[in-house]
Amino acid sequence: MASLDTPESAAPTPNGPIDPLAELRLALADAATEVRGTPITVELRLDRPKRSEFGDFSSNAPLLLSSGLDEQPRALAERLGAALGRRLGPDLDRYEVAGPGFVNLFLSDRFWRSALSTIATVGGDFGSRVAGAGVERLLVEFVSANPTGPITVAAARHAAYGDSLCRILAFAGHAVEREYYVNDAGGQIRRFGESLAARARGEEPPEDGYHGAYVTALAARIAGAPELGPDELADQGIELMLEAVSATLERFRVHFDRFFSERSLHADGAIERALELLSESDHVYASEGATWLRTGDLGDDKDRVLRRSTGELTYFAADVAYHADKLRRGPDRVIDVLGADHHGYVARMQAAWQALGGAPGGLELLIMQLVNLTEAGRRVAMSKREGEFVTLDELIDDIGVDAARWFLLQRSHDTTLDLDLALAREQTQENPVYYVQYAHARIAAILRRAGEERRTAAASADLAAAGAPLHPSERALVRRLLEFPYEVATSATRRAPHRLTTYALELAQGFSAFYRDCRVVGAKEEGGDEAFRIALSRSVQATLARSLDLLGVEAPEAM
RNA sequence: GCGCCCGUAGCUCAGUGGAUAGAGCGCUGCCCUCCGGAGGCAGAAGUCGCAGGUUCGAAUCCUGCCGGGCGCGCCA
């Protein structure tokens with residue numbers, strides 16, 4: 001059963017009734033306080049019942065509130081329903097007490113009309129939050145793929161997820177900065193340079209080097225490559241690779257505010273400064289010729305090396321310095337999106353964060369699981385070393401940006417994902433992304449057909465005024481719209497963009513049912529309310545467009 | 001061996017304490033004088049991995065097993 005409660009951080013804004021459902025929840029809490037006689041401490045929710053005979057909304061509040069009281073849940077439910085009825089007045093048709101102690105609410109047309117009126121007034125901002133408690137300044141790092149090769153499908157999932165998450169967080173009212181950490185230092189860069197040097201001379205790269213065909217092509221683009229040394233080649237190769245990566249990401253509608261270079265941390269002494277800082281707080285010690293961070297005392301399995309016995313700094317040392325930099329910039333929260341192969345890294349990074357003086361919970365490490373591409377049951381292998389992989393550019397060429405983003409976002413980030421290329425390639429009803437886009441385009445066609453005059457009339461009509469009785473499909477569709485603010489808030493707090501693919505699909509289906517049952521243009525002929533239906537269609541269109549925008553998918557006017 | 005993630009319909013997966021567990025694909029059967037048929041409707045299909053526990057109530061929380069993926073460097 002879908003829960004319609006609002007997460008704590010998504011309290012209704014003080015500047016107006018932009019969320020009718022939140023108002024309903026407030027009325028419920030108010031009524032519960034009256035019935036109980038003392039302020040309530042438990043979180044009360046309004047659920048969406050699975051069966052229509054259980055009402056438009058359902059609450060289990062009596063079951064929760066009766067604990068510790070003498071009163072039976074059903075008796076409490078009866079009093080709660082009555083108290084709620086006094087608050088909602090004509091917005092409530094009736095309530096029923098059911099099961100072990102649920103109170104089921106049946107709202108009136110007056111409620112639905114008034115709710116749509118509110119949604120239509122808010123327009124494209126419906127579901128967004130511009131103020132209120134819980135707004136944070138967030139620094140989100142994602143992708144951060146090594147600049148030694150093209151963006152792969154695995155990194156593409158990170159890109160789609162991180163970007164969509166940022167869009168959602170921003171829409172939910174947070175201030176978001178997006179950052180890409182460029183691993184342009186260390187052993188792999190040396191191997192990259194050596195591989196370029198070998199290819200430039202027409203030789204095979206070293207055993208542990210990079211063997212992809214793109215390395216040869218890259219070497220060919222560097223002027224005078226055969227005469228250059230590995231370091232110089234690596235420098236130029238990384239520069240070219242980063243340009244390509246950035247272009248691919250922009251093509252994928254993913255934009256970063258900053259590319260943060262690992263090498264710059266070495267160059268400007270930031271790592272040394274971070275080490276000094278940690279030494280002052282006694283988190284660092286020397287042993288076996290190396291310098292260690294005492295992560296074992298802070299939840300990690302063991303201590304970790306910052307400076308090798310050879311004198312070289314580790315990748316970890318640079319990352320610690322990077323996070324010291326993030327911390328110094330003062331965001332309320334730092335979010336890193338990491339690959340599944342980095343989950344062993346989480347404990348030491350959290351330990352380092354603590355050692356740096358970061359607030360508990362101030363660093364959030366999200367682990368992305370892997371992507372498998374399937375094509376007619378066959379799995380497409382991906383290994384950057386062997387050069388046998390599908391790049392994001394190839395994926396986009398194959399199935400398009402919209403399908404690629406939708407399918408990569410469709411599943412929870414912590415589950416492995418199978419992407420069926422054959423299905424994603426379909427431009428028919430079998431493909432959910434086209435289904436949703438089709439619904440959007442169809443509404444656009446209907447509104448075009450309605451014409452300027454009817455649209456203007458609908459825009460200026462008093463939607464909340466009494467009118468023709470609403471069809472069940474109309475009420476169901478308004479209710480689906482009302483869930484949008486909750487879905488946005490939940491997607492944000494749970495870092496779960498995939499919820500919006502489900503929501504968009506359900507909203508599109510709700511519109512299809514409405515379209516089947518109710519004429520929009522010419523509604524009067526069947527006793528319907530044309531202005532209401534036009535406004536409803538517009539609101540659905542706007543909410544579909546917003547949902548797709550948060551996913552980074554286009555909402556076409558025509559297909 | 002230890003750690004993280006996962007196990008829900010034939011397939012891919014939603015569903016982080018509520019009533020008879022859902023969607024998409026696939027399958028079966030219907031519906032185009034009707035605002036976009038690139039669509040819609042109906043149906044078949046499930047021991048929610050297994051076993052205990054907590055609870056008025058568990059796919060959901062706890063414990064133990066089983067199965068799969070990924071990790072466990074003075075690599076990045």
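Reminder, nothing fancy here: chain letters follow the sequence lines and each chain counts from 1.
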Looking at A/Phe316, I'd like to know if the NZ or CZ of A/Arg304 sits under 6.0 Å from its six-membered ring centre while staying within 45 degrees of the ring's axis. no
May I ask you to check whether over 12 heavy atoms, not counting those of A/Gln72, lie within 6.0 Å of atom CD? no
Remember a base hit wins even if backbone is also touched, and classify A/Leu419 as base, sugar-phosphate or nothing at under 4.0 Å, heavy atoms. nothing
Is the aromatic ring of A/Phe102 within stacking range of B/A19, meaning centres under 5.5 angstrom and planes under 30 degrees? yes
Value in whole Å for how far the C1' atom of B/G15 lies from CD of A/Glu483: 14 Å
Classify the nucleic acid contact of A/Leu505 as base, sugar-phosphate or nothing, counting any heavy atom under 4.0 Å across all strands shown. sugar-phosphate
Sugar-phosphate, base or nothing in reach of A/Leu370, heavy atoms under 4.0 Å: sugar-phosphate
Using the P atom on both, measure B/C6 against B/A14 and round to a whole Å. 10 Å
Base-pairing mate for B/G3 - Watson-Crick or G-U, with both contacts under 3.5 Å: B/C70
Rounded to the nearest angstrom, tell me the gap between atom CH2 in A/Trp406 and atom P in B/U12. 20 Å
Whole angstrom is fine here: how far is it from CD in A/Glu506 over to P in B/G15? 11 Å
CZ of A/Arg494 versus P of B/U16: gap in Å, rounded? 5 Å
Please verify the inter-ring angle class for A/Trp353 with A/His323; under 30° counts as parallel, over 60° as perpendicular, anything in between as tilted. perpendicular
Between the protein and nucleotides 5-10 of chain B, list the N/O to N/O atom pairs that are separated by less than 3.5 angstrom.
{"from": "B/C5", "atom 1": "O2'", "to": "A/Asp414", "atom 2": "O", "distance (Å)": "2.3"}

Which of these nucleotides, B/A19, B/G69, B/A14, is closest to any side-chain atom of A/Ser412? B/A14
Rounded to whole angstrom, note down the P distance from B/C48 over to B/G52. 13 Å
Using a 4.0 Å cut-off on protein heavy atoms (strictly under), produce a 5'-to-3' string for nucleotides 71-76 of chain B with B for base contact, S for backbone-only sugar-phosphate contact, and - for none. S-SBSB
Please give, in whole Å, the distance from B/C13 P to A/Arg499 CZ? 18 Å
Look at the side-chain N and O atoms of A/Arg411 and state whether any lies under 4.0 Å from the OP1 or OP2 oxygen of B/U12. no
Hey, which sits more toward the 5' end of RNA chain B by its nearest nucleotide, A/Val103 or A/His413? A/His413
Are the aromatic ring centres of A/Tyr322 and A/Tyr181 under 6.0 angstrom apart? yes
Does the plane of the ring in A/Tyr285 sit parallel, tilted or perpendicular to the ring in A/Trp292? Use 30° and 60° as the thresholds. parallel
Scan every strand shown for a Watson-Crick or G-U wobble partner of B/G64, both distances under 3.5 Å, and answer none if you come up empty. B/C50
Sub-6.0 Å ring centroid separation between A/His158 and A/Phe142: no
Nucleotide paired to B/G17 in any strand shown, Watson-Crick or G-U, under 3.5 Å: none
Is there a side-chain polar atom (N or O) of A/Lys50 under 4.0 Å from OP1 or OP2 of B/A19? yes
Say we look at B/A76 and B/G24: how far apart would their C1' atoms be, to the nearest angstrom? 39 Å
Table of protein N/O atoms under 3.5 Å from nucleotides 43-47 of chain B N/O atoms:
none

Taking the six-membered ring for Trp, are A/Tyr503 and A/Phe484 closer than 6.0 Å centroid to centroid? yes
Tell me which donor-acceptor pairs under 3.5 Å the side chains of residues 528-536 of chain A have, and how far apart each pair is, sequence neighbours excluded?
{"from": "A/Asp529", "atom 1": "OD1", "to": "A/Ala531", "atom 2": "N", "distance (Å)": "3.3"}
{"from": "A/Asp529", "atom 1": "OD1", "to": "A/Phe532", "atom 2": "N", "distance (Å)": "3.2"}
{"from": "A/Asp529", "atom 1": "OD2", "to": "A/Arg113", "atom 2": "NH1", "distance (Å)": "3.2"}
{"from": "A/Glu530", "atom 1": "OE1", "to": "A/Arg454", "atom 2": "NE", "distance (Å)": "3.2"}
{"from": "A/Glu530", "atom 1": "OE2", "to": "A/Arg454", "atom 2": "NE", "distance (Å)": "3.3"}
{"from": "A/Glu530", "atom 1": "OE2", "to": "A/Gly522", "atom 2": "N", "distance (Å)": "2.8"}
{"from": "A/Arg533", "atom 1": "NE", "to": "A/Glu474", "atom 2": "OE2", "distance (Å)": "3.1"}
{"from": "A/Arg533", "atom 1": "NH1", "to": "A/Arg519", "atom 2": "O", "distance (Å)": "2.8"}
{"from": "A/Arg533", "atom 1": "NH1", "to": "A/Glu526", "atom 2": "OE2", "distance (Å)": "2.8"}

State the pairing partner of B/A42; accept Watson-Crick or G-U wobble contacts with both distances under 3.5 Å, and report none otherwise. B/U28
Distance, P atom - from B/U54 to B/A58, rounded to whole angstrom: 11 Å
Applying side-chain hydrogen bond (donor to acceptor under 3.5 Å, both in side chains), can you list everything that pairs with A/Arg538, at least two apart in sequence or on another chain? none
Would the A/Tyr435 and A/Tyr438 ring centres measure less than 6.0 Å apart? no
Could you state the atom-to-atom distance from NE2 of A/His498 to C1' of B/A23 in whole Å? 12 Å
Could you pull out the closest heavy-atom pair between A/Val520 and A/Ser537, with the gap in Å? CG2-OG, 3.8 Å
Spacing of A/Gln410 atom CD relative to B/A23 atom C1', expressed in whole Å: 10 Å
At under 4.0 Å between heavy atoms, how does the protein contact nucleotides 30-38 of chain B? Give one character per nucleotide, 5' to 3', with B, S or -. ----SBBSB
Watson-Crick/G-U partner (both atom distances under 3.5 Å) of B/A23: B/U12
Counting Watson-Crick and G-U wobble pairs only, both distances under 3.5 Å, name the nucleotide matched with B/G57, or none. none
Determine, for A/Asp300 against A/Arg294, whether the closest basic-nitrogen to carboxylate-oxygen distance falls under 4.0 angstrom. no
Nearest-angstrom distance, C1' atom, B/G43 to B/C34: 25 Å
Quick one: classify the glycosidic conformation of B/C4 as syn or anti, with syn meaning within 90° of 0. anti
Any chance you could measure A/Glu272, atom CD, to A/Leu265, atom CG, to the nearest 0.5 Å? 11.5 Å
Please report the distance separating the P of B/U8 from the corresponding atom of B/A59, rounded so that it comes out in whole Å. 15 Å
So, taking the atom named CG in A/Asp303 and the one named CG in A/Asp297, what distance separates them when rounded to the nearest 0.5 Å? 6.5 Å
Aromatic A/Tyr210 / basic A/Arg191 pairing, under 6.0 angstrom, 45° off normal: no
Just checking A/Asn104: base, sugar-phosphate only, or nothing, at a heavy-atom cut-off of under 4.0 Å? base
Is the closest basic N to carboxylate O distance between A/Glu288 and A/Arg308 below 4.0 Å? no
Between B/A14 (C1') and A/Asp418 (CG): distance, integer Å: 15 Å
Please report the C-alpha distance between A/Asp47 and A/Phe57 in whole Å, then the side-chain angles of each, then the deciding distance to 0.1 Å, and finally whether the side chain to side chain contact (heavy atoms under 4.5 Å, CB included) criterion is met. CA-CA 6 Å; A/Asp47 291 321; A/Phe57 297 102; over 6 Å; no
Could you give the distance separating B/C5 and B/C13 at their C1' atoms, to the nearest angstrom? 16 Å
Does A/Gln509 have a side-chain nitrogen or oxygen under 4.0 Å from the phosphate oxygens OP1 or OP2 of B/G24? yes
Using atom P of each nucleotide, how far apart are B/C25 and B/U63 to the nearest Å? 39 Å
Counting distance alone, no hydrogens or angles: does the base of B/A19 have a donor or acceptor under 3.5 Å from a partner atom on the side chain of A/Ser58? yes
